[in-house]
Enquirer: 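Questions regarding the structure given below will be posed in turn.
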There are 2 protein chains.
Amino acid sequence: MSQANKTPIFPPPLSGSEQDETTSFRPRFNSDGLVAAIAQDVSSNEVLMLAWMNEDALKLTIETGRAVYWSRSRNQLWRKGDTSGAYQYVESIHTDCDQDAILLKVRQTDGACHTGRVSCFYRQITDLSTLNPTEDKPA
Amino acid sequence: MSQANKTPIFPPPLSGSEQDETTSFRPRFNSDGLVAAIAQDVSSNEVLMLAWMNEDALKLTIETGRAVYWSRSRNQLWRKGDTSGAYQYVESIHTDCDQDAILLKVRQTDGACHTGRVSCFYRQITDLSTLNPTEDKPA
């Protein structure tokens with residue numbers, strides 16, 4: 001990753017229950033330098049999408065109140081809405097016990113999904129091979 | 001991974017918008033053979049945890065209605081609740097646009113988190129360095 005020689009923005013994780021109970025934010029990035037980020041609509045409580053953040057994306061999200069992700073396909077920062085118009089204004093950010101995942105509660109404008117749908121989770125798994133659409137593709 | 005020589009349970013992903021629109025379940029596993037799985041409480045809509053599933057965990061979850069994950073720390077299948085007593089009974093399963101993430105809506109018994117808390121997301125990020133607990137550790 002291009003992050004390799006940067007000074008870290010965040011302190012390193014602690015171990016075991018220390019990491020679970022600390023009030024110090026010590027995100028645990030994976031070997032690609034990323035944490036998983038879940039976006040949930042603050043009004044409907046619908047889970048909208050799962051994306052990824054590197055250090056810079058996480059810092060920008062905390063500091064600006066706009067959701068910023070790391071695009072693994074384009075290998076660049078992705079401030080949600082800049083190209084699509086579907087912004088995410090961040091109401092709160094939580095981290096999980098071992099601090100390798102982030103939960104954003106957002107005010108979402110337009111559909112969160114790149115297909116135009118409200119949520120990326122628009123197909124229900126009904127058996128091992130079949131998906132049942134639960135939200136139509138917008139016209 | 002130990003999965004390398006197994007016959008795949010699921011067909012391979014399609015490309016681009018075909019993957020987004022197909023009604024065929026074609027999960028996109030990462031290079032470790034895993035997909036991310038979000039568990040959400042079907043009653044409260046609270047996001048409870050983020051964990052990982054390999055092919056076998058995903059198959060067992062779909063077929064049995066109990067949430068089964070892949071424990072990356074123990075390197076084994078982890079049927080939620082078998083040791084903790086905190087079961088997850090699956091009400092619905094969705095996948096996302098590119099099918100590399102899973103959303104489970106579950107009936108959760110006891111706390112989902114290994115710390116005993118209802119949700120793993122019990123600390124709010126208030127600035128770059130500080131977490132504010134939003135749920136106490138159970139006594």
Side-chain angles (χ1 to χ4, degrees), chain A residues 9-11 17 20-27 30-32 36-38 40-41 44-52 58-59 61-63 73 92-105 113-115 117 119-134 137, chain B residues 9-11 17 20-27 30-32 36-38 40-41 44-52 58-59 61-63 73 92-105 113-115 117 119-134 137:
Chain A
I9 296 169
F10 301 99
S17 63
D20 299 338
E21 301 301 333
T22 182
T23 55
S24 169
F25 185 36
R26 296 171 170 272
N30 69 13
S31 58
D32 292 328
I38 303 162
Q40 182 179 28
D41 188 289
S44 69
N45 286 320
E46 189 169 9
V47 173
L48 299 172
M49 55 186 280
L50 175 74
W52 295 86
L58 187 50
K59 178 176 189 287
T61 299
I62 294 167
E63 290 187 335
S73 56
S92 69
I93 317 176
H94 283 72
T95 190
D96 71 344
C97 38
D98 61 353
Q99 303 196 37
D100 69 351
I102 301 292
L103 174 63
L104 306 175
K105 297 197 183 183
C113 185
H114 77 285
T115 66
R117 294 173 177 89
S119 165
C120 294
F121 295 94
Y122 51 83
R123 286 169 297 182
Q124 185 170 350
I125 299 168
T126 53
D127 58 42
L128 285 182
S129 61
T130 313
L131 302 177
N132 182 39
T134 52
K137 185 175 169 67
Chain B
I9 296 169
F10 302 99
S17 63
D20 299 337
E21 301 301 333
T22 184
T23 56
S24 169
F25 185 37
R26 295 171 170 274
N30 68 13
S31 58
D32 291 328
I38 303 161
Q40 182 179 27
D41 189 290
S44 69
N45 287 319
E46 189 169 9
V47 173
L48 300 173
M49 55 185 281
L50 176 74
W52 295 86
L58 188 50
K59 178 175 189 287
T61 299
I62 295 168
E63 290 187 336
S73 56
S92 69
I93 316 176
H94 282 72
T95 190
D96 71 345
C97 38
D98 61 353
Q99 303 196 37
D100 69 351
I102 301 292
L103 174 64
L104 306 176
K105 296 195 183 186
C113 185
H114 77 283
T115 65
R117 293 172 176 91
S119 165
C120 294
F121 295 95
Y122 52 81
R123 286 170 297 183
Q124 185 169 349
I125 300 168
T126 53
D127 58 41
L128 285 181
S129 61
T130 314
L131 301 177
N132 183 38
T134 53
K137 185 175 169 69

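Basis for what follows: all heavy atoms, side chains included, without hydrogens, waters or symmetry-related copies. Proteins come first, then strands; the chains are lettered A, B, ... in the order of their sequence lines, and each starts at number 1.
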Enquirer: What option among B/Leu103, B/Leu128, B/Thr126, B/Ile38 has the most heavy-atom pairs under 4.5 Å with chain A?
Expert: B/Leu128
Enquirer: Please report the closest heavy-atom contact between B/Phe25 and B/Leu58, naming both atoms and the distance.
Expert: CZ-CD2, 3.7 Å
Enquirer: Is A/Cys97 close to chain B through its backbone or its side chain, or both, or neither, when contacts mean heavy atoms under 4.5 Å?
Expert: both
Enquirer: What heavy-atom pair brings B/Leu50 and A/Ala36 nearest, and what distance separates the two atoms?
Expert: CD2-CB, 3.4 Å
Enquirer: Measuring only between side-chain heavy atoms, which start at C-beta, is B/His94 closer than 4.5 Å to A/Val47?
Expert: no
Enquirer: Determine whether a donor-acceptor pair (N or O, by modelled atom type, separation under 3.5 Å) exists between the side chain of B/Arg123 and the backbone of A/Asp96.
Expert: yes
Enquirer: Sort out for me which of B/Ser129, B/Pro133, B/Ala101 touches chain A most, counting heavy-atom pairs under 4.5 Å.
Expert: B/Ser129
Enquirer: For A/Ile102, does its backbone N or O pair with a side-chain atom of A/Thr95 as donor and acceptor, under 3.5 Å?
Expert: no
Enquirer: Please report the closest heavy-atom contact between B/Phe121 and B/Ser119, naming both atoms and the distance.
Expert: N-OG, 2.9 Å
Enquirer: Which atoms form the tightest heavy-atom contact between A/Gln40 and A/Leu48, and what is the distance?
Expert: C-CD1, 4.2 Å
Enquirer: Identify which part of A/Asp127 has an atom lying under 4.5 Å from any heavy atom of chain B, answering side chain, backbone, both or neither.
Expert: backbone
Enquirer: Hey, which of A/Thr115, A/Ile62, A/Asp100 has the most heavy atom pairs under 4.5 Å with chain B?
Expert: A/Ile62
Enquirer: Give, as side chain, backbone, both or neither, the part of B/Arg26 having an atom under 4.5 angstrom from any heavy atom of chain A.
Expert: neither
Enquirer: Which answer fits B/Thr134, side chain, backbone, both or neither, if we ask what part of it has an atom under 4.5 Å from a heavy atom of chain A?
Expert: side chain
Enquirer: So does B/Glu46 pair up with A/Lys105, basic N to acidic O under 4.0 Å?
Expert: no
Enquirer: What part of A/Lys137 gets closer than 4.5 Å to chain B, counting heavy atoms only: side chain, backbone, both or neither?
Expert: side chain
Enquirer: Look at A/Met49, A/Lys59, A/Glu21, A/Glu63 and state which one has the largest set of heavy-atom pairs under 4.5 Å with chain B.
Expert: A/Glu21
Enquirer: With respect to chain B, which residue among A/Thr22, A/Leu131, A/Asn132 yields the maximal number of heavy-atom pairs within a distance under 4.5 Å?
Expert: A/Leu131
Enquirer: Could you tell me which portion of B/Phe10 (side chain, backbone, both or neither) has an atom closer than 4.5 angstrom to a non-hydrogen atom of chain A?
Expert: side chain
